[in-house]
Amino acid sequence: MNNLDYEKILRFIMIFAIIGLSVLLVIINFIPNFAYDFYDLYPGTQHGHSNFITYPSVLYLFAIYNCFMYLGSNDLKYIDIFILLSILMSIMRIISIITNGFHITPLTVLAYPPEFLGAPVLFFIKTMLQKKTS
């Protein structure tokens, strides 16, 4: 595993994250009916549509911003931020599963693996990059 180029792998992951998060951002903002069905959310009548678009969009934009900042600078502090974001998402997902139960849907198949594997995979790659440079 020493001959793997972890920097290229990390750059590929960041590019893939940008594309995936951008698709989610477009779906939430411009195809709300599909998004409501996919996320299994049915917002209330007061300000549910606004909240549904605002909160995930901010999260996705922040993650996309960090990906671009890493790609532009190769500074691992942006990977640290992404790792922290992944850990927080995993914690909140675990709390959600504990309080509401686990149900297999298209969302769980697509969202849970990156949420739970994101932090350990990025931490491993970051550690390997740090070993390589030291």
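Sequential numbering from 1 along the given sequence is applied to the chain's residues.
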Please output the side-chain donor-acceptor pairs of residues 61-69 that fall under 3.5 Å, not counting sequence neighbours, one pair per line with the distance.
{"residue": "N66", "atom": "ND2", "partner": "F62", "partner atom": "O", "Å": "3.1"}

Inset, instruction - Check whether any side-chain heavy atom of S57 lies under 4.5 Å from a side-chain heavy atom of N29, and answer yes or no. - result: yes
Inset, instruction - Verify the cluster assignment for L85 and I28: are they in a single hydrophobic cluster under the rule of side-chain heavy atoms below 4.5 Å apart? - result: yes
Legend entry - F123, CZ: over 12 other non-hydrogen atoms inside 6.0 angstrom: no
Inset, instruction - Establish whether L25 and Y55 are linked, either directly or via other cluster members, by ILVMFWY side-chain heavy-atom contacts under 4.5 Å. - result: no
Legend entry - Stepwise side chain to side chain contact (heavy atoms under 4.5 Å, CB included) check, L10 with K126: CA-CA 8 Å; L10 189 55; K126 179 184 163 236; 5.8 Å; no
Inset, instruction - With rounding to the nearest 0.5 Å, note down the distance linking OG in S22 to CD1 in I27. - result: 11.0 Å
Legend entry - Pairwise distance OH(Y6) to OG1(T127) - rounded to 0.5 angstrom: 10.5 Å
Inset, instruction - Determine whether F116 and I94 make a side-chain contact, defined as any pair of heavy atoms from C-beta on separated by less than 4.5 Å. - result: yes
Legend entry - Interatomic spacing from OG1 in T108 to CZ in R93 - rounded to 0.5 Å: 8.5 Å
Legend entry - Linked, directly or transitively: F102 and I98 (ILVMFWY side chains, under 4.5 Å): yes
Legend entry - Sidechain-backbone polar pair: R11 side chain, L71 backbone, donor-acceptor under 3.5 Å: yes
Inset, instruction - Could you walk me through whether I9 and D5 pass the side chain to side chain contact (heavy atoms under 4.5 Å, CB included) test, one step at a time? - result: CA-CA 6 Å; I9 292 170; D5 189 349; 5.9 Å; no
Inset, instruction - Using modelled atom types only, decide if a donor and an acceptor are shared between the side chain of S96 and the backbone of M92 within a distance under 3.5 Å. - result: no
Inset, instruction - Mind checking the CG-CG spacing from L24 to L21? Nearest 0.5 Å is all I need. - result: 6.0 Å
Inset, instruction - Output the distance between atom CG (L129) and atom CZ (F124), rounded to the nearest 0.5 Å. - result: 10.0 Å
Inset, instruction - Please answer whether the main-chain N or O of E115 pairs with a side-chain N or O of S86 as donor and acceptor at a distance below 3.5 Å. - result: no
Inset, instruction - State plainly whether one hydrophobic cluster holds both L110 and Y112, where clusters connect Ile, Leu, Val, Met, Phe, Trp and Tyr through side-chain heavy atoms under 4.5 angstrom apart. - result: no
Legend entry - Aromatic plane relationship, F34 with F38 - under 30° parallel, 30 to 60° tilted, over 60° perpendicular: parallel
Legend entry - Stepwise side chain to side chain contact (heavy atoms under 4.5 Å, CB included) check, L122 with D80: CA-CA 8 Å; L122 290 173; D80 288 336; over 6 Å; no
Inset, instruction - Would you kindly confirm whether I79 and F12 end up in one hydrophobic cluster when ILVMFWY residues are joined by side chain heavy atoms under 4.5 Å apart? - result: no
Legend entry - CD-CD1 distance between Q130 and I125, expressed to the nearest 0.5 angstrom: 12.5 Å
